[in-house]
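Here is the structure we will look at, set down as structure tokens.
The chains referred to below are lettered A, B, ... by the order of the sequence lines, with proteins before strands, and numbering in each begins at 1. Here the structure is a predicted model, which means the values were calculated and not measured.
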There are 2 protein chains.
Amino acid sequence: MNGNELDERKTTILKAIIRNYLETGEPVGSRTISKYTDLNLSSATIRNEMSDLEEMGYILQPHTSAGRIPSDKGYRFYVDQLMAERDHEVSQMKEFVIEQTEKVDRVLQQVAKLLAVNTNYATMVTAPQGNHGKVKFIQLSNVDEHHILSVVVLDGNLVKNKMITVEEPIDNEDMLKLNMLLNTSLTGLSIPEINLGTIAILKEKAGIHSQVVSDVLDGVAEAISEGEDLQIYTSGVTNFLKYPELSDSERASELLHTFEEKQELVNLITDKLGDENSTGIQVYIGDESPIQTMKDCSVVTATYELGEGVKGTIGIIGPKRMDYENVMDNLKSLKSQLDDILKKAKET
Amino acid sequence: MNGNELDERKTTILKAIIRNYLETGEPVGSRTISKYTDLNLSSATIRNEMSDLEEMGYILQPHTSAGRIPSDKGYRFYVDQLMAERDHEVSQMKEFVIEQTEKVDRVLQQVAKLLAVNTNYATMVTAPQGNHGKVKFIQLSNVDEHHILSVVVLDGNLVKNKMITVEEPIDNEDMLKLNMLLNTSLTGLSIPEINLGTIAILKEKAGIHSQVVSDVLDGVAEAISEGEDLQIYTSGVTNFLKYPELSDSERASELLHTFEEKQELVNLITDKLGDENSTGIQVYIGDESPIQTMKDCSVVTATYELGEGVKGTIGIIGPKRMDYENVMDNLKSLKSQLDDILKKAKET
DNA sequence: ATTAGCACTCTAATTCATCGAGTGCTAACA
DNA sequence: TGTTAGCACTCGATGAATTAGAGTGCTAAT
């Protein structure tokens, strides 16, 4: 139960088994390891060690006379080792060609795709979330007799608009006043600070055309608070079909469904075991995942940040025998780049 | 080669074969038909007829001693018959609960999902497309020193906005003038009417702060014309896995990929054989489909309209043995309902 | 402590026989 | 002349039996 129950040789062998299994997806036998490693041990010796490893729960046999495959505990050990090692060279992601002028959602969709293509696993990316800054600017305009357009600009130049339908028009003068009022009272406030109370007070202040003004303010309130729901972009879901252990109809169908619905994927980012390790990278192996349908998968997530607590998540979902090393490198690399791109985009 | 090469009995038998195959997915034999129909014919007689039908190309044998399955020509005959029949009772789609307040894209996504659930096939819905009406209202606002927000409202109250970054600020007075100019010169024009020439003229007219104004106008032009790319919403792609004839790894992977990319799906709506039949419903069987990966599928598309040439497309993609009748009913029903919903939403 | 060697186990692949649904054809029948 | 009964034949699907081979555990020798 303590951290050092594995001596060096067992560690080497375990790693060799896992690495080999990652490549082939087939149970690996003693003979293979005997050749694969530079330990110069015979298959018999390996067999003994493997027997031990099995007893300790790091590997298991699918059936009596097959080779061994890593157990969840084995994978966990492996991943923890990887995490502990000094950072790998972060191989620059090749040709990250995204014109910055495109909208954020395009960028994120692109990122998801790029990552999927690069890793051959399914990917998900969530839009940056959090206190989207403060209100910077508000404007109401008469569009026609029955429609008023409200535009709200938030810090980070995020624009929201909402068309408000009104019974009777508001004349230009009153509109000017309303605009003044809105800007002076709301500018600088963050969204959570603007609650129903604030709106109520506003309504009172502007109380002239009770009904119309009330409608308009409700509209503004809605404009401000809406769209806060989490957008999730996915890509590469067909990659599941590339791995035999996931591609049987039953499993594949469930997985694909989860990705299509997206709803459940939220759990991958809200869950967040408290354990914030140095890199901000989380790995869920098999049953560790908060999503039931992924019990035969591994999930690697990373959080990217835009400062001020505005965060998003990137996730890669693949078979348990995923190439953790490559995946984590990709994520690390992406994390920083995404940071850059979005910060720039934000200013545009 | 003429329309009447099939006598009544052959027609009945062919229909019976197809209908049976739609249900079971298994080749159907003479004995089955003999019982299935009320023709009171022995299996031997049926066999003779089937032999004829095969020779004529309406059905075929997967291998020598199996039953028959419909050929593409057979399916074609069947759906043409269906189309010709007086409209079926359009079974009202149950509980079409969509709050109208939601954004159009939400509605469409919902529609896609609903349809997928109802039919058990994969579905796609495109956003209404076409001359999105004329420009109704334009407004530029100073957000901060280096950012100007341009808001354009189109007929149908479609709002577009774009943040324009400028080197030096424009003072309020000039801004007012610019707004006036923009509104007087562009309001009432439709998007295609606003070309580069128009913008050039505008630039000249407003020529005061050459550079800044130029930047701003470019921004406006971009805001107006952008976002014209076709959005496609899909749902129910996992349904492919329900049909054995489509669910082998190879095919399924291709299909799912096509749906994930969405790009190619555009062909389903641009293609449009000229033949506008009464219902506006198109059926592509097998190779008739403009998309290669769907050569083992059937595709049924319908066009919905919001008047003024604003159109969108709904598509259902499933195995060739899809339940054409049900699918077409669903589409017809949806077509009208979608019409209503969107028209209302448009006014909101 | 390591290893060679051997008996043993279990899966995957292969072969083979069998079954049965379905056909085509012929001859009898109304 | 159209319909049907009957029969021989075809061919995939099913399942049992066999085999091949990878891998193990154990024992005895080094």
Under the side chain to side chain contact (heavy atoms under 4.5 Å, CB included) test, residues paired with Glu49(A) that sit two or more places apart: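 Once residues adjacent in sequence are excluded, the partners of Glu49(A) under the side chain to side chain contact (heavy atoms under 4.5 Å, CB included) criterion are Arg9(A), Lys10(A), Ile13(A), Asp52(A).
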Whole-Å distance between [N] [atom2] and [X] [atom1]?
{"X": "Met50(B)", "N": "dA21(C)", "atom1": "CE", "atom2": "P", "value": "15 Å"}
{"X": "Glu55(B)", "N": "dG24(C)", "atom1": "CD", "atom2": "P", "value": "11 Å"}
{"X": "Tyr21(A)", "N": "dG23(D)", "atom1": "OH", "atom2": "P", "value": "14 Å"}
{"X": "Glu26(A)", "N": "dG23(D)", "atom1": "CD", "atom2": "C1'", "value": "13 Å"}
{"X": "Glu8(B)", "N": "dG2(D)", "atom1": "CD", "atom2": "P", "value": "17 Å"}
{"X": "Asp52(A)", "N": "dA1(C)", "atom1": "CG", "atom2": "C1'", "value": "13 Å"}
{"X": "Glu54(B)", "N": "dG22(C)", "atom1": "CD", "atom2": "C1'", "value": "12 Å"}

Parallel, tilted or perpendicular: rings of Phe240(A) and Phe259(A) (30°, 60°):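 Perpendicular.
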Ring geometry between Phe77(B) and Tyr58(B) (parallel below 30°, tilted from 30 to 60°, perpendicular above 60°):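 Correct class here is perpendicular.
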Inter-residue atom distance Glu254(A).CD - Gln292(A).CD, 0.5 Å rounding: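 Answer rounded to 0.5 Å: 8.5 Å.
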Positions of residues 11-18 of chain B (non-hydrogen atom under 4.0 Å from DNA chain C), listed by number: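 Within residues 11-18 of chain B, no residue comes under 4.0 Å of DNA chain C.
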Of residues 31-49 of chain B, the positions that come close to DNA chain C - non-hydrogen atoms, cut-off under 4.0 Å: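 Of all residues in residues 31-49 of chain B, the ones placing a heavy atom under 4.0 Å from DNA chain C are Arg47(B).
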Set of residues satisfying salt bridge (Lys or Arg N to Asp or Glu O under 4.0 Å) with respect to Glu23(B), sequence neighbours excluded: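 Not a single residue meets the salt bridge (Lys or Arg N to Asp or Glu O under 4.0 Å) criterion with Glu23(B).
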Salt bridge (Lys or Arg N to Asp or Glu O under 4.0 Å) involving Arg251(B) - partner list, sequence neighbours excluded: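 So Arg251(B) forms a salt bridge (Lys or Arg N to Asp or Glu O under 4.0 Å) with Asp248(B), Asp296(B).
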Contact letters for nucleotides 8-16 of chain D, in which S counts primed atoms plus P, OP1 and OP2 and B counts the base, heavy atoms under 4.0 Å: --BBS----
Note, Ile59(A) side chain near Leu14(A) side chain (heavy atom, < 4.5 Å):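 With C-beta onward as the side chain, the pair touches.
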Distance below 4.0 Å between Arg68(A) side-chain N/O and dG23(D) OP1 or OP2: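 No, Arg68(A) has no side-chain N/O under 4.0 Å of OP1/OP2 on dG23(D).
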Closest contact, heavy atoms only, Met124(A) versus Leu268(A):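 In this case the closest contact between Met124(A) and Leu268(A) is SD-CD1, 3.7 Å.
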Residue Ser30(B), side-chain heavy atoms: nucleotide from dT24(D), dT3(D), dT23(C) that is nearest: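 My answer, after comparing the listed nucleotides, is dT23(C).
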Lys113(B) atom NZ, over 12 foreign heavy atoms within 6.0 Å: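 Result for NZ/Lys113(B): open.
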From CA spacing to verdict: salt bridge (charged side-chain N to carboxylate O under 4.0 Å, His left out), Arg321(B), Glu26(B): CA-CA 10 Å; Arg321(B) 59 178 178 102; Glu26(B) 299 287 312; over 6 Å; no
Audit row: Arg76(A), Asp80(A), salt bridge (charged side-chain N to carboxylate O under 4.0 Å, His left out) steps and yes/no: CA-CA 6 Å; Arg76(A) 169 53 60 196; Asp80(A) 285 348; 3.1 Å; yes
